[in-house]
Amino acid sequence: MTRCRIAVLASGGGSNLQAILDHLRALGDARPADVVLVGSDRPDAGALDRARQAGVTTSLVTPADAASLARSLEEHGVQLVALAGYLKLVPAPVTQRFAGRMVNVHPALLPDFGGPGLYGARVHRAVLASGAETSGATVHFVDEVYDHGTVIAQFPVPVRGGDDERTLAARVLRAEHLLYPRVVAALAAGRAPARGLALPPLDPDLDDDTNARRLERALAR
Ligand code: GRF
């Protein structure tokens with residue numbers, strides 16, 4: 001079986017990278033993809049440590065240097081790029097070359113609570129300030145505008161009374177870790193979910209395996 005070659009770009013701790021690595025490892029020989037490269041704009045990113053631990057090649061990215069980013073992706077035969085907490089704008093020549101093959105995960109239900117400056121805790125603060133009863137995780141294609149490309153799938157997460165940005169962030173991150181690897185694997189396998197797929201919400205009171213099974217059923221529809 002030829003497997004899709006994935007690059008992950010990350011600026012931070014890399015828990016979504018880890019979720020992708022773990023999911024593919026759990027699929028064993030049936031995995032449709034391998035992460036062959038992890039790139040970061042920050043030499044101290046935890047994501048790079050996670051990549052090294054997993055034996056994946058790492059690379060330091062100069063964010064505005066489209067030519068070197070494109071070259072590095074090409075040298076590694078990358079077919080699909082997953083942004084996972086990558087805080088820089090990907091230059092247009094690269095998003096165009098990877099149109100339909102570059103995805104991102106965002107910790108809210110886009111198009112709400114996205115765009116320049118809305119990342120990390122700021123997203124959750126904005127959701128709480130708005131009084132929204134639902135947040136969630138969005139996986140979308142990447143274009144040259146922050147958080148703007150076509151939505152692939154959204155996994156809603158309830159906002160609970162008494163939530164603060166930490167508790168909400170943790171619940172949404174749980175949803176990201178369930179959703180993102182499954183969408184990435186589906187894309188890698190050529191089974192892209194219907195665009196804009198609205199999934200049944202995460203049930204925070206159920207365990208991850210149960211939520212994952214529900215998610216997989218909905219993604220397969
Ligand atoms: C996640 O919340 C992701 O949605 C956002 O940045 C965060 C990255 O977290 N784009 P991690 O580095 O994957 O732990």
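Ligands are counted one by one from 1 in listed order, and the atoms in each one are counted from 1 as well. Values below: all heavy atoms of this structure, side chains included; hydrogens, waters and symmetry mates excluded.
- For the atom pair CG (D209) and CG (L178), the distance works out to 9.0 Å, reported to the nearest 0.5 Å.
- The protein heavy atom nearest to atom 10 (N) of ligand 1 is V105 O, 3.1 Å.
- Protein heavy atom at the shortest distance from atom 8 (C) of ligand 1 is G85 CA, 3.6 Å.
- Between the side chains of H177 and S15, at least one donor N or O sits under 3.5 Å from an acceptor N or O.
- The shortest N or O to N or O distance between S15 and ligand 1 is below 3.5 Å.
- Within the 4.5 Å cutoff, the side chain of L73 has heavy atoms near those of the V94 side chain.
- Nearest protein heavy-atom contact of atom 9 (O) of ligand 1 is N16 ND2, 3.9 Å.
- More than 12 heavy atoms of other residues, nucleotides or ligands shown are found within 6.0 angstrom of CD on Q96.
- Protein heavy atom at the shortest distance from atom 4 (O) of ligand 1 is E176 OE1, 2.5 Å.
- Contact check for R31 versus R25: no side-chain heavy atoms found under the 4.5 Å cut-off.
- The closest approach between a heavy atom of G14 and any atom of ligand 1 is below 4.0 Å.
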